[in-house]
Amino acid sequence: MTRRLKILLAMFLPLTAVNAEATELAAHVGDTYEITRVSASSQSTGGVSSGSSHDRNILIERVIEVREDGLELEYDLPKSATSIDRTSNWQFPVRVLKPDRGAMQLLNLSEMETRVDGWLKKAKIPRSACGSWIFTWNAFRIECDPRSVIQTLTPFDLRPDDLRQGAMYYDSAARLPVPLSQDAVGSNGSTFVAEMAINPDTVRRERAEADVVVAEITQTSLKLDAAIRARLTEQISGTITISFDTDSAEQVRRRTKITKLEIKLANGKSESQTNTETVERRLIHD
């Protein structure tokens with residue numbers, strides 16, 4: 001895209017629009033942010049509460065370089081992280097390129113490959129165990145692929161490709177993309193909201209994948225296609241509501257995602273689930 005065309009397009013964009021180029025211009029080398037992700041869920045069966053969970057994670061984001069094609073960023077654990085935290089989270093620190101549009105790209109692959117070798121050796125974990133699930137205090141996957149860190153970072157990324165009134169927004173668990181609506185405008189920032197219908201097939205597959213993990217941990221044989229077939233009798237509906245709150249400079253400071261599910265089981269019972277994820281990003285002096 002030529003500079004002249006960019007200028008012409010900018011003339012027709014709303015003043016409240018937030019896009020990748022605006023974010024890049026606002027970024028400065030050395031800027032450091034604390035990103036907090038809080039996930040909470042509750043579940044009930046037949047109207048009776050059957051469980052809840054709460055999880056909180058923090059990452060530190062630093063701007064390493066402002067490039068023509070995007071931002072070079074470093075993500076790391078906070079200073080409060082213990083030596084045990086550091087050992088178990090061998091993927092950090094990690095350097096990535098956040099392009100103007102699209103997914104992050106890993107930049108320090110060779111360094112991370114060396115790091116995972118050391119982690120496996122210290123933990124006395126054979127390479128053959130990579131990719132398997134185990135249960136200690138919690139269920140977790142023995143992850144040895146450095147590229148998997150991109151999937152870990154994605155929920156912490158608050159930079160949408162296009163944030164403005166009417167821009168189409170899509171969530172991977174939704175049936176179809178929907179236009180964003182600007183629900184609030186003020187001197188302290190704006191709020192953009194999108195509400196989408198859930199994709200039952202996506203939820204069904206996620207539930208089936210969880211079944212396969214449980215089977216692996218309990219040393220039971222279960223293939224994914226069989227697990228999906230077993231879930232086909234479930235009637236699944238629900239919504240995803242996502243909101244973006246921006247600051248006075250129109251940069252996203254908070255994203256809130258609320259997923260509500262209604263699942264009717266083959267035995268006639270119904271499950272209700274509500275999952276709330278809040279991600280907040282604030283500038284700090286590191």
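As the structure is a computational prediction, the values presented were derived from the model and not from experiment.
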[X] side chain to [Y] backbone, donor-acceptor under 3.5 Å:
{"X": "Thr274", "Y": "Ser42", "result": "no"}
{"X": "Glu72", "Y": "Leu97", "result": "no"}
{"X": "Trp119", "Y": "Thr87", "result": "yes"}
{"X": "Lys98", "Y": "Gly102", "result": "yes"}
{"X": "Ser50", "Y": "Gln43", "result": "yes"}
{"X": "Glu206", "Y": "Ala208", "result": "no"}
{"X": "Asn89", "Y": "Phe92", "result": "no"}
{"X": "Thr32", "Y": "Gly30", "result": "yes"}
{"X": "Thr114", "Y": "Ser110", "result": "yes"}
{"X": "Glu280", "Y": "Thr36", "result": "no"}

Would the number of heavy atoms belonging to other residues, nucleotides or ligands and lying under 6.0 Å from [atom1] of [X] be above 12?
{"X": "Gln151", "atom1": "CD", "value": "no"}
{"X": "Arg86", "atom1": "CZ", "value": "yes"}
{"X": "Leu232", "atom1": "CG", "value": "yes"}

>> Before you tell me yes or no, could you show the steps for Leu153 and Leu59 under side chain to side chain contact (heavy atoms under 4.5 Å, CB included), namely the whole-Å CA-CA distance, both residues' side-chain angles and the distance that decides it to 0.1 Å?
In response: CA-CA 9 Å; Leu153 294 175; Leu59 285 181; 3.7 Å; yes
So, do [X] and [Y] sit near enough that their side-chain heavy atoms are less than 4.5 Å apart?
{"X": "Ile258", "Y": "Asn275", "answer": "no"}
{"X": "Glu250", "Y": "Ser190", "answer": "yes"}
{"X": "Arg127", "Y": "Cys144", "answer": "yes"}
{"X": "Leu261", "Y": "Thr259", "answer": "yes"}
{"X": "Ile263", "Y": "Gln235", "answer": "no"}
{"X": "Gln251", "Y": "Thr246", "answer": "no"}
{"X": "Arg62", "Y": "Asp31", "answer": "no"}
{"X": "Ile198", "Y": "Arg175", "answer": "no"}

Would [X] and [Y] pass as an ion pair if we require N to O under 4.0 Å?
{"X": "Arg115", "Y": "Asp117", "answer": "no"}
{"X": "Arg255", "Y": "Asp157", "answer": "no"}
{"X": "Glu277", "Y": "Arg37", "answer": "yes"}
{"X": "Asp225", "Y": "Lys223", "answer": "no"}
{"X": "Arg95", "Y": "Glu74", "answer": "no"}
{"X": "Glu65", "Y": "Arg67", "answer": "no"}

Which heavy atom in [X] sits nearest to a heavy atom in [Y], and how many Å separate them?
{"X": "Val193", "Y": "Ser243", "value": "CG2-CB, 3.9 Å"}
{"X": "Leu176", "Y": "Tyr170", "value": "C-CD1, 3.9 Å"}
{"X": "Leu120", "Y": "Cys130", "value": "CD1-SG, 4.2 Å"}
{"X": "Gly70", "Y": "Asp100", "value": "CA-OD1, 3.6 Å"}
{"X": "Ala27", "Y": "Val66", "value": "O-CG2, 3.8 Å"}
{"X": "Leu109", "Y": "Pro146", "value": "CD1-CB, 3.8 Å"}

Distance from [X] atom [atom1] to [Y] atom [atom2], nearest 0.5 Å?
{"X": "Asp69", "Y": "Arg101", "atom1": "CG", "atom2": "CZ", "answer": "14.5 Å"}
{"X": "Ile35", "Y": "Tyr75", "atom1": "CD1", "atom2": "OH", "answer": "5.0 Å"}
{"X": "Leu283", "Y": "Arg253", "atom1": "CG", "atom2": "CZ", "answer": "14.0 Å"}
{"X": "Arg141", "Y": "Ile134", "atom1": "CZ", "atom2": "CD1", "answer": "12.0 Å"}
{"X": "Ser80", "Y": "Ile58", "atom1": "OG", "atom2": "CD1", "answer": "6.0 Å"}
{"X": "Tyr169", "Y": "Glu195", "atom1": "OH", "atom2": "CD", "answer": "14.0 Å"}

>> What I want to check is whether the side chains of Glu61 and Tyr33 have a donor and an acceptor closer together than 3.5 Å.
In response: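 There is no such pair between these side chains.
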> Do Thr191 and Asp183 have a side chain donor and acceptor closer than 3.5 Å?
Replying inline: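 There is no such pair between these side chains.
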>> Using the rule side-chain contact (heavy atoms from CB on, under 4.5 Å), only one of Thr241, Thr239, Ile242 pairs with Met196; which is it?
In response: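 So the option named by the test is Ile242.
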>> Does Val279 form a side chain to side chain contact (heavy atoms under 4.5 Å, CB included) with Leu158? I'd like the steps, not just the answer.
In response: CA-CA 8 Å; Val279 183; Leu158 294 185; 3.7 Å; yes
Same hydrophobic cluster for [X] and [Y], using side-chain heavy-atom links shorter than 4.5 Å among ILVMFWY?
{"X": "Val94", "Y": "Val116", "value": "yes"}
{"X": "Phe156", "Y": "Val252", "value": "yes"}
{"X": "Val214", "Y": "Ile142", "value": "no"}
{"X": "Met168", "Y": "Ile240", "value": "no"}

> Which pairs pass salt bridge (charged side-chain N to carboxylate O under 4.0 Å, His left out) with one or both residues in residues 259-274, sequence neighbours excluded?
Replying inline: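 For residues 259-274, and leaving out neighbouring residues, the salt bridge (charged side-chain N to carboxylate O under 4.0 Å, His left out) pairs sorted by first residue read Arg207-Glu271.
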>> Please determine whether side chain to side chain donor-acceptor pair (under 3.5 Å) holds for the pair Ser53 and Ser41, giving the CA-CA distance in whole Å, both sets of side-chain angles, and the decisive distance to 0.1 Å.
In response: CA-CA 5 Å; Ser53 65; Ser41 65; 2.5 Å; yes
>> Go through it in stages, so that I can follow the logic: the residues are Leu77 and Ile60, the test is side chain to side chain contact (heavy atoms under 4.5 Å, CB included), and I'd like the CA-CA distance, side-chain angles, deciding distance and then a yes or no.
In response: CA-CA 6 Å; Leu77 302 180; Ile60 303 300; over 6 Å; no
>> Evaluate Leu222 against Asp211 for side chain to side chain contact (heavy atoms under 4.5 Å, CB included), listing each step before the verdict.
In response: CA-CA 8 Å; Leu222 179 63; Asp211 293 339; 3.9 Å; yes
